[in-house]
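Below, chain A is the first sequence line, B the second, and so on; all start at residue 1. Worth knowing before you read on, the calculation uses all heavy atoms, side chains too, and leaves out hydrogens, waters and symmetry mates. In this text the structure is predicted, and so the values were computed from the model without any measurement.
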Amino acid sequence: MALTLSADARMVRDTAMDFFREKSPVTELRRLRDTNDADGFSRRLWREMAELGWTGFLVPEEHGGSGFGMVGLAQVMEAAGRTLAASPLLGTALIGASALDLAGNAEQKDAHLPGLVAGETVFALALEEGPHHAPHRIATAARQEDGGWVLSGEKRFVLDGHVADVLIVAARTSGAATDRAGVTLFLAPGDAPGVACTRSIMADSRNAARIRFDAVRLGPEAVLGRVDAGADVLEAVLDRARAGLAAEMLGSAEECFERTVQYLKDRRQFGVPIGSFQALKHRAARMFCELETTRSAVLAANAALDARANDAAALVSLAKAKANETLHLVGNEGVQMHGGIGMTDEHEIGFFMKRARVAEATFGTAAFHRDRYAALNGY
Amino acid sequence: MALTLSADARMVRDTAMDFFREKSPVTELRRLRDTNDADGFSRRLWREMAELGWTGFLVPEEHGGSGFGMVGLAQVMEAAGRTLAASPLLGTALIGASALDLAGNAEQKDAHLPGLVAGETVFALALEEGPHHAPHRIATAARQEDGGWVLSGEKRFVLDGHVADVLIVAARTSGAATDRAGVTLFLAPGDAPGVACTRSIMADSRNAARIRFDAVRLGPEAVLGRVDAGADVLEAVLDRARAGLAAEMLGSAEECFERTVQYLKDRRQFGVPIGSFQALKHRAARMFCELETTRSAVLAANAALDARANDAAALVSLAKAKANETLHLVGNEGVQMHGGIGMTDEHEIGFFMKRARVAEATFGTAAFHRDRYAALNGY
Amino acid sequence: MADLDRFRAETRAWLEANCPASMRTPMPDEEIVWGGRKPVFQHPDQKLWLDRMAAKGWTAPTWPARYGGGGLTEPEAAVLEEEMRALGCRPPLRSFGLTMLGPVLLEYGNEEQRQEHLPKIVRGEIRWCQGYSEPGAGSDLAGLQTRAVLQGEHYLVNGHKIWTSYAHYADWIFALVRTDPTVRKHDGISFLLIDMASPGVRARPIRLISGASVFCETFFENVQVPAANLVGEPNKGWTIAKRLLEHERKSIGGIGDRAKPTRTPESVAKELAGEADGRIADPVLRDAVARFNIDNAAFQLTRRRAQEMAEAGEPPGPLSAMFKYYGTELNKRRYELMVGAAGTEGLGWEGEDFDPAALKTTREWLRSKANSIEGGTSEVQLNIIAKRVLGLPD
Amino acid sequence: MADLDRFRAETRAWLEANCPASMRTPMPDEEIVWGGRKPVFQHPDQKLWLDRMAAKGWTAPTWPARYGGGGLTEPEAAVLEEEMRALGCRPPLRSFGLTMLGPVLLEYGNEEQRQEHLPKIVRGEIRWCQGYSEPGAGSDLAGLQTRAVLQGEHYLVNGHKIWTSYAHYADWIFALVRTDPTVRKHDGISFLLIDMASPGVRARPIRLISGASVFCETFFENVQVPAANLVGEPNKGWTIAKRLLEHERKSIGGIGDRAKPTRTPESVAKELAGEADGRIADPVLRDAVARFNIDNAAFQLTRRRAQEMAEAGEPPGPLSAMFKYYGTELNKRRYELMVGAAGTEGLGWEGEDFDPAALKTTREWLRSKANSIEGGTSEVQLNIIAKRVLGLPD
């Protein structure tokens with residue numbers, strides 16, 4: 001498990017950095033926001049990403065992907081985080097591909113992976129039911145009827161939910177509302193009868209939907225993996241999502257930090273650059289340390305997932321906890337150090353702070369992952 | 001409930017400040033330590049303190065005290081904290097006097113208060129049984145026998161325990177080991193048969209004893225307050241002790257901070273006083289804020305106790321939590337800002353850091369008091 | 001004392017007789033009366049109430065009656081405030097003229113300026129705004145570059161102000177301008193009153209990260225301002241500016257306690273992160289909430305202590321230097337806690353599924369980030385404490 | 001590679017034949033062999049093992065054989081280390097001569113100095129200490145005042161060094177001295193070797209807040225030092241000093257991972273603050289422990305990443321600048337956590353009732369406070385990161 005990048009990963013990284021800087025700078029997020037874009041991302045750019053092969057990084061070759069793995073995809077996520085690019089990368093290339101790869105049967109893979117790899121099918125994970133990440137707290141129920149399933153319940157904070165062609169729904173097929181056992185994953189068409197979706201816009205200008213399932217009928221082929229054993233798959237899928245999101249957050253934090261350091265050099269008050277003030281220097285130096293340790297943690301988590309290492313889950317929680325804290329810190333300091341101009345919507349630095357909070361709340365806060373890290377390490 | 005001092009309290013304060021600076025500077029603590037003083041405090045100075053009336057501040061006039069109250073005693077404690085003076089003030093003038101005042105019957109008061117006020121009788125509270133403050137976790141048992149009581153168990157961290165003439169022992173007379181109900185307080189002679197005391201010395205060079213009670217026989221007159229209802233008295237006594245200790249800690253923190261600020265002005269490196277470095281300035285300014293807010297909290301807690309205000313308990317936890325955090329911060333920063341010289345035993349600044357940790361652990365850490373504060377405020 | 005009692009009785013009687021019932025209800029932010037040339041009244045009672053109070057000079061109770069003020073003593077003004085609070089009377093008028101410019105004119109203005117401006121402020125006829133900061137002069141306010149060149153009877157003003165609250169609604173602006181660029185920066189600044197209707201003045205609202213705001217950028221392009229509009233002596237404006245800033249800092253420092261908040265960290269935590277046995281269910285979150293509330297309570301006690309010291313005639317001394325810093329940092333913490341405890345429900349921007357109160361909190365959270373920047377950054381406040389209070393060397 | 005394999009086989013065979021069984025056991029701190037004119041051996045095997053290794057030059061494996069070293073290549077030295085670790089062989093000698101002075105003499109010393117000092121270092125015959133800091137020169141090391149005045153064939157040395165580790169046991173000291181007080185402070189410093197047996201040298205141990213320590217104050221009073229003992233050029237000692245400091249910082253940065261600690265925050269928390277369902281019972285404490293362990297793990301990963309980058313020939317670049325700062329701050333946090341979790345049991349100083357392991361932790365906690373001071377304070381490290389890595393202006 002290396003903590004340095006292979007030549008291939010480095011190439012992906014360079015390509016991705018150029019791609020997002022050129023085609024999807026922060027102004028693109030602003031445009032999507034200010035034009036009330038119906039999708040919340042650019043389908044044209046998404047297809048270009050697919051052409052670059054990124055949608056297939058977690059898809060095996062026999063299904064049209066490259067199986068290049070998490071470390072490679074993390075480079076793309078990090079580059080996307082640099083420019084706060086909104087795209088279906090997380091929901092589709094990471095979560096959708098992982099779920100199908102890890103639990104899909106041959107028919108499901110054949111049905112869905114080509115469209116996924118081609119950048120045509122958008123996936124969304126319908127998991128959360130409360131305001132805090134709680135992967136086993138599932139009340140949405142699926143009961144068997146006429147050889148198929150009937151799904152009822154309500155999901156919140158479904159990223160890309162309003163544009164999803166396929167919903168991956170975690171539903172309870174047995175057990176009590178917080179049991180780990182008894183959860184089953186389903187693949188449901190986004191436009192199935194009985195699915196009612198309300199789009200909402202989060203503080204980071206990205207999408208999340210509330211989706212109500214009102215006696216939605218699904219065939220037996222909708223079950224992804226084994227009935228009642230969805231929690232294991234979910235955990236594995238979530239760990240990939242968390243590691244990828246941590247990489248994205250690292251990119252956002254790096255960019256926010258570099259912009260802030262540059263501002264400290266450029267902005268003059270009292271006749272000198274404000275970066276010459278020692279108190280700001282020390283705060284900047286501390287952020288540098290946090291960024292470097294976060295980078296190591298993110299690399300280690302993604303490499304461990306690729307290596308299917310025993311401590312992968314702990315490393316993922318380590319990475320997400322660090323990414324949460326570091327982006328939180330850097331986002332806040334970015335605004336404070338930019339002063340008044342940092343408070344304006346016209347300046348881009350505030351976008352990083354807003355993105356920070358939503359990303360933190362996605363798939364587990366720092367406190368969630370500290371608790372999980374402790375549990376996985378026997379305390 | 002005033003947050004400014006009365007003229008009387010101010011006079012006490014001035015007297016106490018002079019007293020400790022002149023008669024018990026930090027060198028006195030060093031002397032007690034280096035000579036392995038058998039008492040761990042100066043009996044001569046203790047009698048002088050009694051002559052100044054401090055032992056009687058919590059004792060009503062009819063029993064030889066002045067009933068001057070907590071705000072007055074807090075001024076003495078703060079002054080003692082300034083020079084890290086070791087004395088029976090906490091165990092005797094605060095805890096002993098409070099326990100007798102709040103729960104003692106006429107015979108007990110007559111028997112003990114004159115000696116207490118005169119500075120002749122030393123008291124100690126034998127409460128803790130584990131390494132963390134847990135006022136209701138009491139396994140030491142007292143069972144009735146022949147109209148009297150037989151006490152068995154082991155107490156730790158009994159401040160002044162090895163020199164105590166009278167031990168105030170919290171023992172279980174009914175209920176399970178963590179029940180609030182079922183605790184009874186006893187007055188036991190320090191030299192009663194079956195009492196075995198081991199002195200130990202803490203990191204702050206003060207005393208604490210482990211005391212074993214091996215079937216210690218006490219008469220029925222040993223019960224302080226009502227049987228099984230000791231927890232209420234204990235809580236009231238502890239709140240006074242906590243508020244007084246918080247005042248002492250405030251004094252230590254103020255002194256440590258002032259010495260550190262002075263050092264920042266005096267110490268030159270790179271041709272300038274190190275106090276001209278902005279990073280140190282900002283840290284010092286933050287400490288100033290913490291000290292001022294702590295001062296307000298300590299004043300409010302002691303005033304509320306004197307006024308028997310409804311929110312007195314919450315204010316006490318507020319004060320102890322703040323005092324813990326502030327002295328912790330200031331103690332650590334004191335050593336760091338003094339640099340190498342701060343690490344030497346020869347310099348006095350390290351004594352403040354050592355005292356900080358022991359005082360923090362006494363009668364509840366910051367986390368303990370945050371939890372209590374939350375509970376008292378309904379969350 | 002008997003006089004004061006009589007004053008209290010009369011005041012209460014007058015308020016009861018003259019304050020319309022609708023003006024004795026809690027005032028939502030949207031119903032604040034700001035006055036001005038084109039005043040906005042949602043309700044005729046607002047105008048009635050303002051006119052009645054202005055007629056008595058009670059919009060500016062302690063200002064001299066010859067300038068339209070109430071001419072009350074401080075104790076009388078305190079009684080008026082108490083009685084208004086007791087009856088629940090709304091403040092009839094809010095204005096930077098009352099709180100900021102008025103005191104300055106009383107201290108530094110000449111008789112003509114007082115006669116001209118104070119009565120209109122009292123009656124809410126002119127709405128003022130403040131022109132201090134510039135894009136290049138934030139923490140280093142004295143580095144401001146807006147130029148005012150005396151040409152005969154007029155100053156010719158050119159420059160660019162920022163963070164001019166409500167400039168787009170204001171009739172006049174009191175501004176700091178550079179009248180001498182050749183001397184030490186603090187020595188070349190003057191305090192100038194400018195009619196916003198003058199040709200060449202343009203105000204543009206600023207959108208913040210929290211959304212629309214009351215802040216503007218204000219541009220001056222060859223604006224002619226009568227020389228008589230200079231307050232105090234030429235090039236002595238910095239003294240006036242500092243006096244005003246002190247006042248501003250005090251009002252921002254109290255930002256956390258303006259109104260009893262309905263949503264608190266503990267209420268949000270219980271509601272959105274879970275409650276068990278009447279407590280916040282998650283002990284780690286509970287600890288964080290208690291940590292904040294303890295610091296906040298200690299801070300409020302410190303404000304009270306300073307107040308008591310002031311009342312006792314003791315100099316509060318160094319204490320007040322910390323209020324701006326500590327109060328604004330606490331306010332930021334409060335919102336971080338609330339947003340964190342609310343999880344994804346606390347991060348909504350638009351969408352019918354979000355609780356409007358939560359949406360408001362999200363905006364307030366973002367808005368709170370400015371607290372430690374506006375009115376002197378936290379860094380500047382810490383510098384001030386280190387220098388003035390602790391005496392640490394430059 | 002075949003050569004290296006052969007070397008490995010030969011080395012292992014030699015170690016197995018020559019390393020006494022008692023020298024293949026874990027080494028408590030008290031049994032470290034430091035050498036010197038009056039060496040202390042608790043056991044004859046210690047001397048035997050040292051002599052055998054010194055005879056092969058393997059106490060200094062990569063030093064040239066002509067100075068008594070092993071003359072090994074870096075890969076061979078790595079093999080030796082691996083084989084010693086595999087067999088559990090103790091290091092035969094620890095000394096500042098080996099780790100600090102030797103490399104400096106090899107780079108800056110003249111032939112006579114190398115011939116004179118290196119073989120004795122290899123054989124553990126002379127024990128060295130370092131004379132850098134002074135009471136007035138800590139972070140500002142270059143401000144040192146110890147004077148060395150050339151008088152004919154000798155320097156006359158007067159001054160006062162502090163934090164000279166083990167000076168009371170050392171035979172010689174390598175010291176920074178001021179040889180030219182008239183120039184910029186960095187330009188008047190020289191690197192001088194001084195025999196501690198010279199008249200006028202006095203070392204006094206320093207007691208720390210954690211108790212007895214290896215540190216001393218060392219006084220020089222009219223000490224005569226042969227001019228030939230100057231290393232490098234006169235007044236060019238700062239270059240040598242910096243090279244040495246780099247090395248010292250690296251070794252302190254790794255302070256947290258020297259040995260696998262037997263007491264960890266989580267073990268102390270479970271034992272002394274309570275365990276429930278196999279976990280730390282108090283969720284707030286558990287959160288704090290996890291927070292530390294996460295930061296610590298991320299730091300260890302960062303050290304590994306830097307190592308991998310170095311092995312891959314990539315410049316680790318700015319990364320290493322943070323190790324001293326972050327590593328020492330983590331170590332302080334580790335001890336704060338352990339002491340806090342242990343409650344009053346973690347704050348004992350003397351007394352039969354305390355667990356000896358807990359008493360040791362208390363001392364280590366206090367000792368850890370020096371980590372962020374010695375070898376360049378945390379403040380200096382942050383300055384370095386800000387300047388060299390982030391390029392922030394002075």
Side-chain angles (χ1 to χ4, degrees), chain A residues 1-5 257-258 260-262 264-265 268 272-301 303 311 314-315 317-323 325-326 366-379, chain D residues 264-267 269-270 275 277-281 283 285-312 314 317-323 325-327 329-330 378-379 381-394:
Chain A
M1 193 182 94
L3 292 172
T4 44
L5 294 181
F257 178 66
E258 286 170 19
T260 301
V261 168
Q262 191 57 50
L264 294 180
K265 294 177 187 175
R268 296 177 73 86
V272 294
I274 60 174
S276 66
F277 294 123
Q278 195 197 33
L280 297 184
K281 278 185 190 180
H282 281 197
R283 280 153 60 184
R286 282 198 198 92
M287 285 191 267
F288 168 79
C289 298
E290 295 305 331
L291 281 163
E292 288 299 330
T293 51
T294 302
R295 172 171 295 286
S296 310
V298 168
L299 261 166
D311 59 350
L315 283 168
S317 276
L318 171 70
K320 183 64 166 56
K322 281 298 288 182
E325 298 230 299
T326 300
F368 175 95
H369 285 290
R370 282 196 295 269
D371 186 61
R372 185 169 180 255
Y373 184 83
L376 290 168
N377 281 288
Y379 57 91
Chain D
T264 60
E266 56 271 31
S267 73
K270 278 187 180 178
E275 184 173 345
D277 302 327
R279 307 191 70 185
I280 297 168
L285 179 57
R286 190 198 306 148
D287 185 67
V289 171
R291 194 186 286 266
F292 165 76
N293 281 330
I294 281 174
D295 284 344
N296 191 45
F299 178 60
Q300 300 307 337
L301 286 167
T302 305
R303 288 166 55 85
R304 219 182 85 201
R305 179 157 67 92
Q307 177 96 29
E308 288 184 20
M309 285 167 77
E311 284 165 9
E314 285 179 63
L319 221 47
S320 56
M322 62 172 277
F323 292 161
Y325 166 71
Y326 211 83
E329 293 295 333
L330 277 172
S378 281
E379 288 77 11
Q381 302 306 317
L382 291 171
N383 286 346
I384 291 173
I385 296 170
K387 180 174 182 170
R388 304 218 191 121
V389 182
L390 304 180
L392 290 171
D394 276 331

In short, A/A367 meets D/D287 closest at the heavy-atom pair CA-OD1, 4.4 Å
Closest non-hydrogen contact found for D/L301 with A/A300 is CD1-CB, 3.7 Å
Heavy-atom closest pair (D/R279 atom, A/D371 atom, distance to 0.1 Å) is NH2-O, 2.9 Å
Checklist entry - Taking C-beta and beyond as the side chain, do D/L390 and A/F257 meet within less than 4.5 Å on heavy atoms? => result yes
Residues passing the salt bridge (Lys or Arg N to Asp or Glu O under 4.0 Å) test with D/E275, sequence neighbours excluded, are none
Bottom line for A/E258: the part with an atom under 4.5 Å from chain D's heavy atoms is neither
Practice problem: Using a 4.5 Å cut-off on heavy atoms from C-beta on, say whether the side chain of A/E292 contacts that of D/F323. | Solution: no
The interface call for A/A284 against chain D, heavy-atom contacts under 4.5 Å, is both
Sidechain-backbone polar pair: A/K281 side chain, D/I384 backbone, donor-acceptor under 3.5 Å: no
Whatever's closer than 4.5 Å to a heavy atom in chain A on D/D277 counts as neither
Given D/Q307, D/E329, D/R291, D/R286, the one with more heavy-atom pairs under 4.5 angstrom with chain A than any other is D/R291
So, the part of A/Y379 with a heavy atom under 4.5 Å from chain D: the answer is both
d(D/I294 CD1, A/T294 OG1) to nearest 0.5 Å is 11.0 Å
Here the pair of heavy atoms bringing A/L3 nearest to D/R305 is O-CD, 3.4 Å
OG of A/S296 to CZ of D/R303, rounded to nearest 0.5 Å, is 11.5 Å
Note: D/M322 and A/C289 closest approach over all heavy atoms is CB-SG, 3.6 Å
Applying a strict 4.5 Å limit to non-hydrogen atoms, the region of A/A375 in contact with chain D is both
Do D/L392 and A/L280 come close enough that some side-chain heavy atom pair is under 4.5 Å?
no
When the 4.5 angstrom heavy-atom criterion is applied to D/V289 and chain A, the contacting part is both
Heaviest contributor of heavy-atom pairs below 4.5 Å to chain D, chosen from A/H369, A/K322, A/E325, A/Q278, is A/K322
Would you indicate whether D/K387, at its atom NZ, is surrounded by more than 12 heavy atoms from other residues, nucleotides or ligands within a distance under 6.0 Å?
-> no
Sequence neighbours excluded, the answer for ring-ring contact (aromatic ring centres under 6.0 Å, His included) partners of A/F368 is A/H133
Fill in: Note, D/L382 side chain near A/R286 side chain (heavy atom, < 4.5 Å)
yes
Report yes if some heavy atom in the side chain of D/D295 is under 4.5 Å from a heavy atom in the side chain of A/T293; otherwise report no.
no
